[in-house]
Every structure is written in C-alpha cells, then in structure tokens.
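Have a look at the structure below, then the notes.
Letters A, B, ... mirror the listed sequences (proteins, then strands); counts begin at 1. Because the structure is a prediction, the values reported are computed rather than measured.
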Number of protein chains: 2
Amino acid sequence: MTLRDISIGRLARDAGCKVQTIRYYEQIGLLPEPPRTAGNQRVYDKVHVKRLSFIRHSRELGFSLDAIRELLVLSDDPDQPCETVDRVAKSHLSEVVEKIARLTSLKSELERMVKQCKGGRIGACRIIEVLADHSHAHCLTDHSA
Amino acid sequence: MTLRDISIGRLARDAGCKVQTIRYYEQIGLLPEPPRTAGNQRVYDKVHVKRLSFIRHSRELGFSLDAIRELLVLSDDPDQPCETVDRVAKSHLSEVVEKIARLTSLKSELERMVKQCKGGRIGACRIIEVLADHSHAHCLTDHSA
DNA sequence: TCTTGAACCTATAGTGACTGTAGATATTAG
DNA sequence: CTAATATCTACAGTCACTATAGGTTCAAGA
Ligand SMILES: [Zn+2]
Ligand SMILES: [Zn+2]
Ligand SMILES: [Zn+2]
Ligand SMILES: [Zn+2]
C-alpha cells in the first residue's frame, strides 16, 4: 500500500461515478481486474484512472459501452489508421441526429395537442381525443413509422 | 366464437405491435384480461381494440406506460375536469424539450470532434484525444453536469 | 489496545418497455 | 387426417446502471 494507491471510493469520486459502476465495468470486462490488498480490497493506479476517464467521458458524449469497448481497443493501438475511430464517431453522430429529428416532430405534435385543450371536461378534451384516435387523423406527422 | 371475436394475432396486426407486447400489457394491468376460448386462447372485442389503440398511440407519442396508465384512468371518467390530462401532457412535452436540448449540445460536440480528425494514425487522432481528456479542455459544453 | 464508524466485499434483484426462446397445446386449411 | 400456423406459459435477455442485504476490512480516536 503506497501513497499512490487509489481505493475504489476515491476512484469513483474522481471519475464522477458510483462505486458499483466501477465494479460493473470490471465485471463486463471494460476495466481490467486491479490487484487487491491483503484484505481483498481493490487497489487502482494511474492506468486505471486514465481508462475510466476515457470511459466516463465517452459515456457523457452518449457512446454505448460496446462502442467504447471498440474505441478502447483502438486507442491501445496508436499506429493503426484512425478510420475505424472515425466510423464509430460518425455513426454515433448520425444516431444523435436521427433522435433529434424524431423528438422534434414529437414536440410539434405534443405542442399542437396541448394548445388545443381548452380546459373543459375530459369527455371533451382534445388531448384524450387525439390519443384515442388511432387513425392519426388529428396528427401532423407519421410517428407510427 | 362469433364472427366479431378477435384473436391476439389479429389484434397485434391491427395495432401494429407484437403479440408478446399485448400479453405484457395484460400482465402489468394495462389491458384487462380478456375471456378465453375452450382451448384457453384469448378472445378480444372492440373495447380491447380501443384501449390498445389508445396505448399504442400514446406510446408513439413517447408517453411512458405510467403516464398512459394515468391517462387511461382519466379517460374512463369523462365528467372530470381535464386539468390532470393537461399536466401529464405538458410534463411529457417539457421532458421532450429537455432531451432535444441535451442531444443538440451533444451533436455540436460530436460534429466538432469528427471535423478535427484528419485521418492519420490513432496516436494522433483528435477524437481519441478528446475522449481521453477528462478535464474537458477540448469540449464546448459541460456535458458532465 | 480497543472501539467505532466508514468504506469495502459479494451476490442478487430491480429499472423500462419490451423482445426472444423453448416446449407444449390449439386451431385451421387442404 | 395431417400439416402448418397460431397460441399458450414461463422464463431469460436487452442496456447501463442502481439499490439492497449481509458480511468484512480499514483508519482514526480514546
Ligand atoms: Zn383538455
Ligand atoms: Zn398520431
Ligand atoms: Zn482520427
Ligand atoms: Zn468533455
């Protein structure tokens, strides 16, 4: 136990995640198993800190754990061309763009619905009416597709 | 078994969902248990069709099953004022708006990253560099919050 | 040295909204 | 009658954690 040894709690505070999250990453093979103390507690070093930082930052940017797994393998091989890195990032970007598009059309639909509600009885509420109408006659966009 | 009896497969086709989804809705109490044939197979009628349509349309508009459960209870009580309906819809709308905001800032971040990659070796790739940098020095927004 | 309390350990279950599978039974068309 | 299709139950898997229970280890103060 030297001064530079890092406990799981300290690592979690530094990385801004929960202790269980770190154990989870270890369990699914995203973080390597660290050495243990005589009492069986995990001891981390700078290499683990770096790897966990990479994972957390990628998660904050919305990458899936599978994508991150791929990016980690690639980042361990600095002489390879970065085409695959680029592909992973671009594919994630296009997923984000798609999600925004879907949510934006949802937003106009919901705004329209909410605006039409005049605050009477439920039997006359346009919100309920629109939701109950599966023909989508009241709807702007084809959210069913 | 009259002509108007609807099998679970037929109901699923009409509603645009899987058979298992219907059984799942029944299991969590969102759809009432239908009567059965002598051979134990579910038999639906127009009431079920209506209720499932309401659920599916609401799901397409992004409402959670809990919100839908609330909306269904309300829609069964047409004389009540529609304030609660309005509140549920508005609260969902504001969640959608928030999601769009988060994804939009993610999008600019990712676009920036992808643009900076000049297609060399991984060791020099700006995408990997940004992801590895947990200080967020290369980042536009505070996606860590 | 002893004690207390925080931090750590494993194992397991739960989240949301389904989807997929296995193995058995029912129904329908030819 | 047979073969294909549909349905039945029960359970596991998805994603990325999060929470809990019940136990052990560690560090600091008296
Ligand atoms: Zn209303
Ligand atoms: Zn619609
Ligand atoms: Zn690159
Ligand atoms: Zn950042």
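- Residues B:A89 and A:V114 share a closest heavy-atom pair of CB-CG2, 3.9 Å.
- Here the P atom of nucleotide D:dC8 and the CZ atom of B:R36 are 6 Å apart, to the nearest Å.
- One interatomic measurement links the two molecules: CD of A:Q27 to C1' of D:dA16, which rounds to 12 Å at whole-angstrom precision.
- The distance between the ring centers of B:H136 and B:H134 falls below 6.0 angstrom.
- Put simply, CG on A:L30 is 11 Å from C1' on D:dA16, counting in whole angstrom units.
- Relative ring orientation between A:Y44 and A:H48 is described as perpendicular, the plane-to-plane angle rising above 60° on a 0-90° scale split at 30° and 60°.
- For D:dT9, the OP1/OP2 oxygens have a side-chain nitrogen or oxygen of B:R42 closer than 4.0 Å.
- A:R13 has no side-chain polar atom (N or O) that falls below the 4.0 Å cut-off from OP1 or OP2 of C:dA7.
- Following rounding to the nearest Å, B:D5 (CG) and D:dA6 (P) show an atom-to-atom distance of 18 Å.
- Applying the 4.0 Å criterion to OP1 and OP2 of D:dA6, one finds that B:S7 has every side-chain N and O outside that range.
- At most 12 heavy atoms of other shown residues, nucleotides or ligands fall within 6.0 angstrom of atom CZ in A:R10.
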Can you check each nucleotide of nucleotides 15-26 of chain C against protein heavy atoms at under 4.0 Å and return B for base, S for sugar-phosphate only, - for none, in 5' to 3' order?
--BBBBB----S
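- Distance check: B:R51 CZ to B:I68 CD1 gives 11.0 Å after rounding to the nearest 0.5 Å.
- Summarising the geometry, the separation between CZ on A:R69 and C1' on D:dC15 is reported as 12 Å, rounded to the nearest angstrom.
- Other residues, nucleotides and ligands place no more than 12 heavy atoms under 6.0 Å from the CD atom of A:E83.
- In this structure, A:Y44 atom OH and C:dA7 atom C1' are separated by 14 Å, rounded to whole Å.
- Distance B:I22 CD1 to D:dT9 P: 13 Å, rounded to the nearest Å.
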Candidate pair B:R23 and B:I8, rule side-chain contact (heavy atoms from CB on, under 4.5 Å), full reasoning:
CA-CA 9 Å; B:R23 290 198 280 246; B:I8 194 169; 3.5 Å; yes
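- Residue B:I8 contributes atom CD1, which lies 9 Å from atom C1' of D:dC8 at whole-angstrom precision.
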